[in-house]
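Heads up: the structure comes next, in structure tokens.
Position 1 is the first residue of the sequence; numbering continues from there.
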Amino acid sequence: MKNKGKNFIEINKFERENTIKKRYELYFPNWMRSKNFFVRCLKMGYINIALHLGTLLDRKNILNVDFYYGSQWWTLTYECAKEIYDILLKGEYIDYYKGSLVPDESIFQTIYMNSRFKDKYYDKLTYVNWKGQINHPKTFTIEDCDELEKVNYLMARKFDEDFDDKIINKLYDEL
């Protein structure tokens, strides 16, 4: 039980010059979440215009907190999850994040780092390879077996049986 009482969560602080910050600073209407090519082009134009206008289109930080981001793959203690849940029930964070892009990769980290747990956390338990990727992590194939065997994580993502089921079968066989 060496990990009892530990929270495993990836946490990165948003920096001013980081364009990913636009995920929570800008308001994104629901229609802008569509996967439609035309809507995606409009969204990219909107973000580019907003980046060139500096802070002119930014929403006010009504939560008065520093914002953080990271993977939505985390493992938390009951006490920590309960505290985050209780904060979410108040509605302030949910109201703020409603018009945000990818809120699940920021809301939990932001609440965590503005809670009593902020001084003690451990890196995520899930291995993800983003090298050479932009919008999604690498999908592992049978050629990645050596890489997966060398990393020290409990889980890994991303696998797709339609892309390469050999890696999935190999991992099941080795369980």
Does E92 have more than 12 heavy atoms from other residues, nucleotides or ligands lying within 6.0 Å of its CD?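 No, not enclosed.
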Heavy-atom neighbours of K118 NZ exceed 12 at 6.0 Å: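 No, because the 6.0 Å sphere around NZ of K118 holds 12 heavy atoms or fewer from other groups.
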Knowing that exactly one of R157, E147, K150, M155 qualifies, which makes a side chain to side chain contact (heavy atoms under 4.5 Å, CB included) with Y127?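 Exactly one pass, corresponding to E147.
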Using side-chain heavy atoms (C-beta onward) and a distance below 4.5 Å, is [X] in contact with [Y]?
X    : Y    : result
I84  : L76  : yes
V65  : T110 : yes
Q109 : Y69  : no
K158 : F140 : no
Y46  : N48  : no
F117 : E79  : yes
T139 : D164 : no
F67  : N61  : yes

Exercise: identify the closest heavy-atom pair between [X] and [Y]:
X    : Y    : result
S34  : R40  : O-CG, 3.7 Å
P137 : V128 : CB-CG1, 3.2 Å
E10  : S71  : OE1-N, 2.8 Å
L148 : A156 : CD2-CB, 3.9 Å

Run the side-chain contact (heavy atoms from CB on, under 4.5 Å) check on Y122 and N7 step by step: do they pass? CA-CA 6 Å; Y122 301 85; N7 292 305; 5.8 Å; no
Nearest-0.5 Å distance, [atom1] of residue [X] to [atom2] of residue [Y]:
X    : Y    : atom1 : atom2 : result
S106 : I11  : OG    : CD1   : 10.5 Å
S115 : Y121 : OG    : OH    : 11.5 Å
Y96  : I62  : OH    : CD1   : 7.0 Å
K120 : C80  : NZ    : SG    : 13.0 Å
L88  : I94  : CG    : CD1   : 5.0 Å
I87  : I111 : CD1   : CD1   : 5.5 Å

Counterpart residues, side chain to side chain donor-acceptor pair (under 3.5 Å), relative to D144 (two or more places apart):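 Only K138, T141 meet the side chain to side chain donor-acceptor pair (under 3.5 Å) criterion with D144.
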Go through the structure and list residues passing side chain to side chain donor-acceptor pair (under 3.5 Å) with Y93, not counting sequence neighbours.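 Side chain to side chain donor-acceptor pair (under 3.5 Å) list for Y93, sorted by chain: empty.
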Using a 3.5 Å cut-off and no angle test, enumerate the donor-acceptor pairs between side-chain atoms of residues 165-175 and protein atoms at least two apart in sequence or in another chain.
residue	atom	partner	partner atom	Å
N169	ND2	D165	O	3.2
K170	NZ	E174	OE2	2.7

Are L42 and F37 connected, step by step, through hydrophobic side chains (Ile, Leu, Val, Met, Phe, Trp, Tyr) whose heavy atoms are closer than 4.5 Å?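 Result: no, two separate clusters.
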Side-chain heavy atoms under 4.5 angstrom apart, residues restricted to Ile, Leu, Val, Met, Phe, Trp, Tyr: same cluster for F108 and L89?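 Different clusters: F108 never reaches L89 through Ile, Leu, Val, Met, Phe, Trp or Tyr contacts under 4.5 Å.
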Note: K90-D86 ion pair, threshold 4.0 Å (strictly below):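 The answer is no: the pair does not qualify as a salt bridge.
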Working note: K124 + W73, criterion side-chain contact (heavy atoms from CB on, under 4.5 Å); need CA distance, chi angles, decisive distance, verdict. CA-CA 7 Å; K124 64 187 183 297; W73 300 88; 5.9 Å; no
Is the F8 to Y153 ring centre distance short of 6.0 Å?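 No; Y153 has its ring centre 6.0 Å or more from that of F8.
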E83 and Y112: side-chain donor and acceptor closer than 3.5 Å?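 Distance-only check fails for E83 and Y112.
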